[in-house]
Chemist: 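Please see the structure below; I have some questions.
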Amino acid sequence: MNQEIPTRRVSTARRAFVLSGAAIALGALAGCNIGGPVSFNGTDITGADFGRDFRLKDPSGQERTLADFKDKVVLVFFGFTQCPDVCPTALARAAEVKTLLGPDGDRLQVLFVSVDPERDTPEVLGAYTAAFDPTFLALYGDAERLAETAKEFKVIYQKVPTGDSYTIDHTSVTYAFDTDGKLRLKLSHSQSAIEYAADVRKLLHAA
Amino acid sequence: MNHFIRTFAAAAVLAATAGSAFAQANVSVKDAWVRATVPQQKATGAFMQLQAASDSKFVSASSPLTPNVEVHEMAMQGDVMRMRQVQSVELPAGKTVELKPGGYHIMLMNLKAQVKEGDTVPFTLVFEGKDGKRETVEIKAPVKALNSTAKPAHAGH
Ligand SMILES: [Cu+2]
């Protein structure tokens, strides 16, 4: 794989970010097995027999499947807009990843799948993802479709009553699909935007 | 009053303690903020730094925005994010305890209106000392953009 590309791409990203970002990216690359199989910051789940596809609606009501995002690396995260913490943090990180990718950011598609179809109306979902990046897309399905999709993606979600409202426990991983729509990586919520961006870059250039 | 201003300098604090002397204000609040919402979004979180002069607990919060204000703890169990209401947050003497994404937060639920960036949200925070004495601190927390990330004040990770 080409070691030069990722670093050069970083240096075209926002200036303030460049120095620390590139330094850490280099650090990450140093641990990379040169000439061997591509190593990722996320967990390599290439060949997974789950997360094969989805059929969900976007806020405009259009049905979407993975095929709609061919030639892009797709990041999929499950969450709900009432989440005060993990979901906005994950989407803010995804926006940072896009910035770190520089021109390659156009080849990244971030999808936010709602686990709260009861409260996450198309209007709320559309406004919510747009607050992070106008290209991010929220997807939803009815209760049954959501259950199917979550099962396919090995994602757990569980309504938890609190006061006269409820919150939802949910799996916080981000899945990364390559440009052929194949599930490749499981990224952890504890990983940084720089680690995510390095993996996306590898999927874009060394796949 | 000077002492009071110094203690709470970083936060927009209006008044402390219910009726008793300011000099006894035990808990200081810093860098409070609320995450903005989009229209029709019904819940959001508030984050801040708390420091108590003597061992205390943060027991509750209220706000005129909604009657549904709870103190929550977020925790990861494996890959799963779990959020639960907690009865109190321990504030050991002299230690800064952060309510921040990935840990504790104040949860505002059943919001009637959008919480907009640039607004300020009043909160009444209730603390309890070892002796069971309660202290009330009023703060006004600025609303930051929905996509704000936790800005660690000191040692990040
Ligand atoms: Cu909460």
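The sequence lines fix the lettering, A, B, ..., with proteins before strands; numbering per chain opens at 1.
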Chemist: Would you say Lys130(B) has more than 12 foreign heavy atoms packed within less than 6.0 Å of its NZ?
Modeler: no
Chemist: CG of Asp85(A) to OG1 of Thr44(B): how many Å apart, nearest 0.5 Å?
Modeler: 10.0 Å
Chemist: Under 4.0 Å between a Lys/Arg side-chain N and an Asp/Glu carboxylate O for Asp169(A) and Arg84(B)?
Modeler: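 Arg84(B) and Asp169(A): salt-bridged.
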Chemist: Kindly check if the number of other-residue, nucleotide or ligand heavy atoms within 6.0 Å of CD (Glu148(A)) is above 12?
Modeler: yes
Chemist: If I take atom CG from residue Asn147(B) and atom CZ from residue Arg93(A), how far apart are they, to the nearest 0.5 angstrom?
Modeler: 14.0 Å
Chemist: Which region of Gln41(B), side chain (C-beta onward) or backbone (N, CA, C, O), has a non-hydrogen atom less than 4.5 Å from a non-hydrogen atom of chain A, or is it both or neither?
Modeler: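 Both backbone and side chain.
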Chemist: So what's closer than 4.5 Å to chain B heavy atoms on Leu91(A): side chain, backbone, both or neither?
Modeler: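 Looking at Leu91(A), nothing touches chain B.
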Chemist: Tell me, for Phe78(A) versus chain B, whether the close heavy atoms (under 4.5 Å) come from the side chain, the backbone, both or neither.
Modeler: neither
Chemist: Flag the one option from Thr81(A), Ile156(A), Thr162(A) with the top tally of heavy-atom pairs under 4.5 Å to chain B.
Modeler: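 Greatest number of close heavy-atom pairs with chain B: Thr162(A).
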Chemist: Between Ala43(B), Gly102(B), Gly45(B), which residue shows the highest count of heavy-atom pairs closer than 4.5 Å to chain A?
Modeler: Ala43(B)
Chemist: Look up atom OG in Ser165(A) and atom CG in Leu111(B), then write down how far apart they are to the nearest 0.5 Å.
Modeler: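 These two atoms lie 9.5 Å from each other.
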Chemist: Please test Met83(B) against Cys83(A) for side chain to side chain contact (heavy atoms under 4.5 Å, CB included), starting from the C-alpha separation and ending with a verdict.
Modeler: CA-CA 9 Å; Met83(B) 197 164 60; Cys83(A) 179; 5.7 Å; no
Chemist: So which of Asp164(A), Val173(A), Asp133(A), Ile168(A) has the largest heavy-atom pair count under 4.5 angstrom toward chain B?
Modeler: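 Most heavy-atom pairs under 4.5 Å with chain B: Asp164(A).
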Chemist: Checking heavy atoms, do the side chain of Asp79(B), its backbone, both or neither come under 4.5 Å from chain A?
Modeler: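 Both backbone and side chain.
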Chemist: Once rounded to the nearest 0.5 Å, what's the spacing between atom OG1 of Thr167(A) and atom CE of Met81(B)?
Modeler: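 One finds 5.5 Å between OG1 of Thr167(A) and CE of Met81(B).
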Chemist: By a 4.5 Å heavy-atom criterion (distance strictly below it), what part of His170(A) contacts chain B: side chain, backbone, both, or neither?
Modeler: both
Chemist: Which pair of non-hydrogen atoms, one from Met107(B) and one from Pro84(A), has the smallest distance, and what is that distance?
Modeler: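 So the minimum-distance heavy-atom pair works out to SD-CG, 3.4 Å.
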Chemist: Roughly how far apart are Ser172(A) OG and Met74(B) CE, rounded to 0.5 Å?
Modeler: 8.0 Å
Chemist: How long is the straight-line distance from CG of Leu146(B) back to OH of Tyr128(A), given to the nearest 0.5 Å?
Modeler: 5.0 Å
Chemist: Which atoms of Met109(B) come close to chain A, meaning under 4.5 Å heavy atom to heavy atom: side chain ones, backbone ones, both, or neither?
Modeler: side chain
Chemist: Any chance you could lay out the side chain to side chain contact (heavy atoms under 4.5 Å, CB included) test for Val86(A) and Met76(B), step after step, and finish with the verdict?
Modeler: CA-CA 10 Å; Val86(A) 171; Met76(B) 286 292 178; 4.0 Å; yes
Chemist: So what's closer than 4.5 Å to chain B heavy atoms on Thr171(A): side chain, backbone, both or neither?
Modeler: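 Its backbone and side chain both get close to chain B.
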Chemist: Which atom pair, heavy atoms only, marks the closest approach of Pro39(B) to Val124(A)?
Modeler: O-CG2, 3.8 Å
